[in-house]
K.L.:
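One structure is given below, represented as structure tokens, and several questions about it will come after.
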Number of protein chains: 2
Amino acid sequence: MGKHSLYQYGTIGSLMAGAMDGTGTIQEFLTHGDFGIGTMDGVDGELIVLDQEAYKASATGEVIKLGPLEKLPYGAIAFFNPDHTFTLKETLANEVVETKVIEAMKSKNLFAGVKISGVFDTMHVRAMPKQTPPYIRFSEVEQPEFTAHNIKGTLVGFYSPVLFHGTSVAGFHVHFISDDRTFGGHVLDYHVEDVKVEVQDYSELIQDFPKEDVFLEAEFDYSNIAEEISISE
Amino acid sequence: MGKHSLYQYGTIGSLMAGAMDGTGTIQEFLTHGDFGIGTMDGVDGELIVLDQEAYKASATGEVIKLGPLEKLPYGAIAFFNPDHTFTLKETLANEVVETKVIEAMKSKNLFAGVKISGVFDTMHVRAMPKQTPPYIRFSEVEQPEFTAHNIKGTLVGFYSPVLFHGTSVAGFHVHFISDDRTFGGHVLDYHVEDVKVEVQDYSELIQDFPKEDVFLEAEFDYSNIAEEISISE
């Protein structure tokens, strides 16, 4: 797997449809990259991989460093080597930042990685509470939200081409972790203040799947999945 | 790339939406497998790769052996090593055969390869006529159909999980080529008579993309793409 590969374990669609049991280990996942996002066993919180370290932002508001044997049902990861870098030194909303990232990307028709580090004026996140079987649909889970102001940290995540909505989330799917590792989650919206933006173009996606019967033998109901992903992510 | 990888170059969705220019070469495509399907520059005919040889079944009804420098906009290919093999020695319609293939597969939630070789009671195919820019939508192209009876040949293709409808074709996408290399195309329906069925399970999909500006800079309209794929494939 080269510099320009994005590796995805499981799919957002299957996760949304109930494939929430942790199957792959963090240890195995980290062999595919040093920079990524995902969720943990039972959709327990928001996974952030930064500089080869894996963290979970929990629905309780805590951020926990993850051990190698903890399991995930879904994640995307890459070895981060930026192709494009720029700085932003003013208060800008996420929509504006996203437009600039898309302009920097090689193509809207390819996957890309985005890393934004520095000071954020506001950061609004949510985190999934751990579910237990029998799982309800992801879109029906109530998720606590948290907001921080004037916070130092890093936004980590990926852009997916619109055609991949279903297996991934079309557009940006990004998580956040603060520099002091006390605040994080799935990013809803934000304003940057003084940040470095780094963008990586991927030429290919490696789509891997859980090997366990809980995934292989599942009967998924994907009938409304595109809308459920749009609502939930 | 291991025995259990399926490699896809481009996507069905982008092809349907107008990414019909040949970009990758047959030579490069064949480095990813010895067994596959696709279409050629300008959606010219139906590509069949069997035993590392590439053929095009044209809308004229001809089957042509392809040279290494001919270009394709879309294809899926793998190194074929069957995990499951069975024989069928009676007249059975494709729906029945497909049910047996799905039963043999490791999982409906993974990609699979299917190769059916022997005598077919009937084989009904179509082949795309070559288009020239500006391309109309794939679903609007009129495609000649051909039927053969009591024909010896090989059906080649892949099963994709339903969640991948859009980038691939959900369910079976299969092409056919006769043993004497005079008849072939995109399979619409068939009856087997006396065949060997071989099935390969894939644990991962490697999704690659054209590197050319004609793809990278394209503005695709995917608004009705799932339905267009269902109608056309």
Side-chain angles (χ1 to χ4, degrees), chain A residues 1-2 4-19 23-24 32 74 76 102 105-112 160-168 170 201-226 228-229, chain B residues 1-2 4-19 23-24 32 74 76 102 105-112 160-168 170 201-226 228-229:
Chain A
M1 191 168 62
H4 290 286
S5 292
L6 172 62
Y7 171 90
Q8 183 166 256
Y9 177 76
T11 62
I12 282 280
S14 298
L15 182 74
M16 294 274 157
T23 43
H32 301 282
Y74 172 76
I102 288 173
M105 282 161 32
K106 189 175 193 175
S107 171
K108 282 191 300 185
N109 302 320
L110 298 177
F111 288 87
S160 301
V162 63
L163 191 62
F164 288 80
H165 192 70
T167 54
S168 306
D201 301 311
Y202 303 112
S203 60
E204 66 175 14
L205 171 74
I206 297 175
Q207 175 65 61
D208 199 0
F209 298 92
K211 315 292 179 258
E212 289 74 11
D213 286 350
V214 69
F215 174 78
L216 300 177
E217 294 177 4
E219 293 284 340
F220 294 114
D221 173 10
Y222 293 127
S223 51
N224 203 29
I225 205 72
E228 287 183 38
I229 296 172
Chain B
M1 192 168 58
H4 290 288
S5 293
L6 173 62
Y7 170 90
Q8 182 165 258
Y9 177 77
T11 62
I12 282 279
S14 298
L15 182 74
M16 294 274 156
T23 44
H32 301 282
Y74 172 75
I102 289 172
M105 283 162 32
K106 190 174 191 175
S107 171
K108 282 192 300 186
N109 301 321
L110 297 177
F111 289 85
S160 301
V162 64
L163 192 62
F164 288 81
H165 191 71
T167 54
S168 306
D201 302 311
Y202 302 113
S203 60
E204 66 175 13
L205 171 73
I206 297 176
Q207 175 65 61
D208 199 1
F209 298 92
K211 316 286 180 264
E212 289 74 10
D213 287 349
V214 70
F215 175 78
L216 300 177
E217 295 177 4
E219 293 283 341
F220 294 113
D221 173 11
Y222 294 127
S223 51
N224 203 29
I225 205 71
E228 287 182 38
I229 296 171

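Atom set for the values below is all heavy atoms of this structure, side chains included, hydrogens, waters and symmetry mates excluded. By convention in this document, chain letters (A, B, ...) are assigned in the order of the sequence lines, proteins followed by strands, and residues within each chain are numbered from 1.
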K.L.:
Answer with side chain, backbone, both or neither: which region of B:F111 has an atom nearer than 4.5 Å to a non-hydrogen atom of chain A?
P.N.:
side chain

K.L.:
With a 4.5 angstrom heavy-atom cut-off, could you sort out which part of A:F215 is near chain B: side chain, backbone, both or neither?
P.N.:
both

K.L.:
How would you list, by chain and number, every residue that makes a side chain to side chain donor-acceptor pair (under 3.5 Å) with A:N224, sequence neighbours excluded?
P.N.:
none

K.L.:
With only heavy atoms counted, which part of B:F209 is less than 4.5 Å from chain A, the side chain, the backbone, both or neither?
P.N.:
both

K.L.:
Got a sec, which residues hit side chain to side chain contact (heavy atoms under 4.5 Å, CB included) with A:S107, two or more places apart in sequence or on another chain?
P.N.:
A:N109, A:L110, B:L216

K.L.:
Distance check, rounded to the nearest 0.5 Å: B:E204 atom CD versus A:Q8 atom CD?
P.N.:
12.5 Å

K.L.:
What's the separation between atom CD in B:Q207 and atom CG in A:L6, rounded to the nearest 0.5 Å?
P.N.:
11.5 Å

K.L.:
So if I take each residue of residues 160-168 of chain B and look for any heavy atom under 4.5 Å from a heavy atom in chain A, which residues do I end up with?
P.N.:
B:V162, B:L163, B:F164, B:G166, B:T167

K.L.:
Taking every heavy-atom pair that is under 4.5 Å apart, which of B:E217, B:K108, B:K106 has the most such pairs with chain A?
P.N.:
B:K108

K.L.:
Contact part of B:E219 toward chain A, heavy-atom cut-off under 4.5 Å: side chain, backbone, both or neither?
P.N.:
side chain

K.L.:
Heavy-atom distance under 4.5 Å to chain A: side chain of B:I225, backbone, both or neither?
P.N.:
side chain

K.L.:
Under the side chain to side chain donor-acceptor pair (under 3.5 Å) rule, collect the residues that match up with B:S203, sequence neighbours excluded.
P.N.:
none

K.L.:
Heavy-atom distance under 4.5 Å to chain A: side chain of B:A218, backbone, both or neither?
P.N.:
both

